[in-house]
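Remarks on the structure that follows.
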Protein chains: 2
Amino acid sequence: MTTRRDAVHDTLRQSEGFRSAQDVYAEMRQHGAKIGLTTVYRALQALADGGHVDVLRTDDGESVYRACATGEHHHHLVCRRCGRTVEVEGPAVERWAETVGTEHGFTEITHTVEVFGTCSSCSRTSLAG
Amino acid sequence: MTTRRDAVHDTLRQSEGFRSAQDVYAEMRQHGAKIGLTTVYRALQALADGGHVDVLRTDDGESVYRACATGEHHHHLVCRRCGRTVEVEGPAVERWAETVGTEHGFTEITHTVEVFGTCSSCSRTSLAG
DNA sequence: ATCGGTTTTGACAACCATTTTCATTTTGCA
DNA sequence: TGCAAAATGAAAATGGTTGTCAAAACCGAT
């Protein structure tokens, strides 16, 4: 039997961008999956804790998740319109964060970096329509 | 009469780091201010909209605010223990975000960058205690 | 198969920051 | 002074997320 966690993970993998727990739940139900909202939340958390999916917060405080191609540290370029996401790297940013933290006497430095924009197909749409 | 918004702004100015709406409210009440929670929320939003204070989200989804020295675009180095915050600039990061977005055909690029760490006095404390 | 014991599940209730509502108070201004 | 518009705040509503707990699924041992 496919564990629910895998089912959640699969659902996420089929998505282009970041999806909320509620989104994932709704989609799974629509496809006939028998699963509860609580379980989706738990699965998502477990996946996130294990580093199998990335999490970020939308402007209105919702947590959104995404199954990324790599487990390596990376950042995201997210279309603010359709949510399409590109994984990007930025060694320069990593170094900058580390440096700036150290310079001020901080230790155990971590950072969050997200880039937002309007993707080409969305800006086309807005010009046309 | 000092408008409530100014009172909220002042309270924020006296803080070292980022404070939540509830924090600000509690502190104002403690100092004898007659103000409602709703008003604090509204004032904080207005201040944020006007670019007079910076906002960010804690890991648990709470919005926290800070009256920053400058209205210019800048980022923060925040102590994850005590919340002490240093304002930092990173021209390299700005350029990187812009470049990476443009390369992928995105327009109207914005970004969020926050650096977290443990400040020197907090790491001393943890070693001692 | 069947019996414990452990883990997972999920309906529902509880949480809690934030928003909305709306009646009251304050303000701005003629 | 009067009156419309804006600000206020107590209380209720909202909504994503988490806690509770009993039922269901799982698993190794008999």
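The figures that follow rest on heavy atoms only: side chains count, while hydrogens, waters and symmetry mates do not.
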note: B/Asp59, atom CG; C/dC16, atom P; distance rounded to Å ~ 18 Å
Query raised in the report: Just checking B/Ser20: base, sugar-phosphate only, or nothing, at a heavy-atom cut-off of under 4.0 Å?
Result: nothing
Across all chains, not counting sequence neighbours, the ring-ring contact (aromatic ring centres under 6.0 Å, His included) partners of B/His104 are none
From CZ of A/Arg29 across to C1' of C/dA11 the rounded distance in Å is 11 Å
Per the under-4.0 Å heavy-atom filter, residues of residues 30-48 of chain A near DNA chain D come out as A/Thr38, A/Tyr41, A/Gln45
B/Asp23 atom CG is separated from C/dC16 atom C1', nearest whole Å, by 14 Å
Taken to the nearest whole Å, CD/B/Glu62 to C1'/D/dG15 is 16 Å
The residue among B/Asp23, B/Asp54, B/Val53, B/Val24 that forms side-chain contact (heavy atoms from CB on, under 4.5 Å) with B/Tyr65 is B/Val53
Taken to the nearest whole Å, OH/B/Tyr25 to P/D/dA11 is 10 Å
One should read off an interatomic distance between A/Arg57 CZ and A/Thr112 OG1, to the nearest 0.5 angstrom, of 12.0 Å
Between B/Arg19 and the options B/Thr11, B/Val64, B/Leu12, the side-chain contact (heavy atoms from CB on, under 4.5 Å) test singles out B/Leu12
In whole angstroms, the gap separating C1' of D/dT17 from CZ of B/Arg57 amounts to 14 Å
*Are a donor atom and an acceptor atom from the side chains of B/Glu98 and B/His111 found within less than 3.5 Å of each other?*
no
*Find out whether A/Arg80 and A/Cys122 are in side-chain contact, i.e. whether some heavy atom of one side chain is under 4.5 Å from a heavy atom of the other.*
no
Here the distance between atom P of D/dT18 and atom CG of A/Asp49, to the nearest Å, is 11 Å
Here the distance between atom P of C/dT7 and atom CZ of A/Arg4, to the nearest Å, is 18 Å
